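For reference, the structure discussed in these notes is given below.
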Amino acid sequence: MNKKLLNALLGLWLASSATLSLNAQQLLDQESQNKIAKGYQVAPVPLNATGKDPNLLGYGSYLVNVVGECNGCHSGGPQSEYMPNGNPYLKQYPKVNPATYLGGGRDFGAFPDPAGPFPHIVSRNLTPDKTGLPMGGDTLQAFFNTIRTGMDMDKKHPTCQGKPDGKCLPAPFAGDLLQIMPWPAYQNMTDLDLTAIYTYLSAIPCIEDDPKATVKRCGAPGSTTPGPATTAVAGPKNSNVFARQIQLDGTQSISSDGKPLTFAWTIPSGSPAASIQNANTATPLVQLVSGRGIYSFLLTVTDSAGKTATDTATVNFLGN
Ligand code: HEC
């Protein structure tokens with residue numbers, strides 16, 4: 001953490017222990033306290049505060065929900081931004097729709113000209129993914145970089161090299177920069193402001209980009225906690241069998257990122273000899289060749305990031 005940020009945090013901490021005697025400094029501190037309290041008051045979704053600085057979290061909510069109004073652009077659009085009975089523009093008491101809150105997907109149309117073969121500029125999903133990091137896994141440093149420079153790290157619309165093809169942005173627009181997004185104003189926010197926004201965006205519930213996608217962005221539905229770790233689940237367990245040929249089952253194993261696992265079955269030392277057919281699949285066949293006894297089979301699964309997990313299947317062979 002840099003020194004400026006530390007000083008600012010210290011300021012917030014001092015504000016929380018302010019006494020009743022009034023001077024200019026303490027009035028300012030009281031103002032910070034008011035913003036933090038307002039931030040908690042207006043947050044439209046439950047917040048996962050675990051491991052987060054409560055002052056930064058409340059102040060971040062104030063900046064996102066009151067000052068920046070990020071959800072006006074980063075929800076699905078005017079139709080779904082508010083609850084059916086909570087649209088302030090219909091003179092109803094405003095109720096933000098949690099199902100679209102900061103989930104992105106608002107289409108600003110073909111840019112720069114609705115009539116041309118230009119890419120649509122679409123707001124992005126700012127909610128954390130199953131890693132718990134906002135914007136689908138961005139670090140604080142990456143977030144600072146994006147807001148301070150406007151650089152589009154996801155490179156959604158490069159500058160056209162030849163004729164516009166509906167995917168590239170024509171000159172003089174710089175395709176490597178975010179369009180419509182008000183980074184030219186936000187870039188002047190202080191380090192503390194941006195850290196507070198990042199803290200708040202880390203605490204809101206995850207929203208799926210596409211509920212039908214097989215690779216899920218969120219851990220469990222609506223959760224902001226990291227998803228399940230890669231886990232091996234080997235079956236059967238302690239099962240009595242009479243046939244010499246049985247099938248093992250690793251299909252209940254879990255991959256932390258939803259991508260396919262690789263499987264490897266081996267026979268641990270001490271277990272009676274057996275032969276394994278297709279030992280690199282989830283459901284190999286084994287021959288129990290050593291007569292009666294308890295056989296063990298060790299399953300090792302490896303996920304796309306190279307993380308491994310193991311579990312053991314056991315069968316008690318009672319046949320002849
Ligand atoms: C006027 C509409 C508008 C507002 C207000 C707005 N954004 Fe954006 N934002 C966009 C659009 C549109 C994009 C995508 C731009 C593109 O594709 O060129 C975007 C992109 C982003 C990105 C880059 C995406 C990524 O994954 O890194 C971040 C971060 C972001 N916005 C954060 C915020 C935050 C935080 C706020 C509130 C403080 C906010 N935005 C307010 C329209 C807006």
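Ligands are counted one by one from 1 in listed order, and the atoms in each one are counted from 1 as well. What you are looking at is a predicted structure, and each value in this text was computed from that prediction instead of being measured.
Between Tyr295 and Phe317, the ring-plane angle classifies as perpendicular under the 30° and 60° cut-offs.
If you check the side chains of Asn65 and Ser61, you find a donor sitting under 3.5 Å from an acceptor. Side chains of Asn238 and Thr314: a donor-acceptor N/O pair is present below 3.5 angstrom, by distance only. Of the N and O atoms on the side chains of Tyr59 and Asp193, at least one donor lies less than 3.5 Å from an acceptor on the other residue.
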### Task
Quick one: do Asn278 and Trp265 satisfy side chain to side chain contact (heavy atoms under 4.5 Å, CB included)? Show the steps, please.
CA-CA 9 Å; Asn278 303 323; Trp265 295 86; over 6 Å; no
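Arg106 CZ to Gln79 CD: the interatomic distance, rounded to the nearest 0.5 Å, is 9.5 Å. Taking CG of Leu47 as the reference point, atom OG1 of Thr199 lies at 11.5 Å (rounded to 0.5 Å). Here the straight-line distance linking atom OG1 of Thr149 with atom CG of Leu177 works out to 7.5 Å at 0.5 Å rounding. With rounding to the nearest 0.5 angstrom, the SG atom of Cys70 is 9.0 Å from the OH atom of Tyr200.
Around the CD atom of Gln252, the shell of radius 6.0 Å holds no more than 12 heavy atoms that belong to other residues, nucleotides or ligands.
Closest protein heavy atom to atom 12 (C) of ligand 1: Ile121 CG2, 3.7 Å. Counting protein heavy atoms only, atom 15 (C) of ligand 1 is closest to Gln179 O, 3.2 Å. In terms of protein heavy-atom proximity, atom 29 (C) of ligand 1 is closest to Met135 CG, 3.8 Å.
Val64 does not count as a contact of ligand 1, since none of its heavy atoms falls under 4.0 Å from the ligand. Contact between Asp138 and ligand 1 is present, with at least one heavy atom of the residue lying under 4.0 Å from the ligand. A heavy-atom separation below 4.0 Å is found between His157 and ligand 1.
Distances from atom 8 (Fe) of ligand 1 under 2.8 Å pick out these protein N/O/S atoms: His74 NE2, Met181 SD.
Atoms of ligand 1 found under 4.0 Å from any heavy atom of Val122, numbered from 1 in the order shown, are 14 (C). Listed by atom number, the atoms of ligand 1 under 4.0 Å from Asp154 heavy atoms are 25 (C), 26 (O).
In terms of N/O distances under 3.5 Å, ligand 1 is not approached by Tyr186. Note: no N/O pair closer than 3.5 Å links Asn125 and ligand 1 by distance alone.
Scanning all heavy atoms of the two residues, the minimum distance from Pro134 to Ser202 falls at CD-OG, 3.4 Å.
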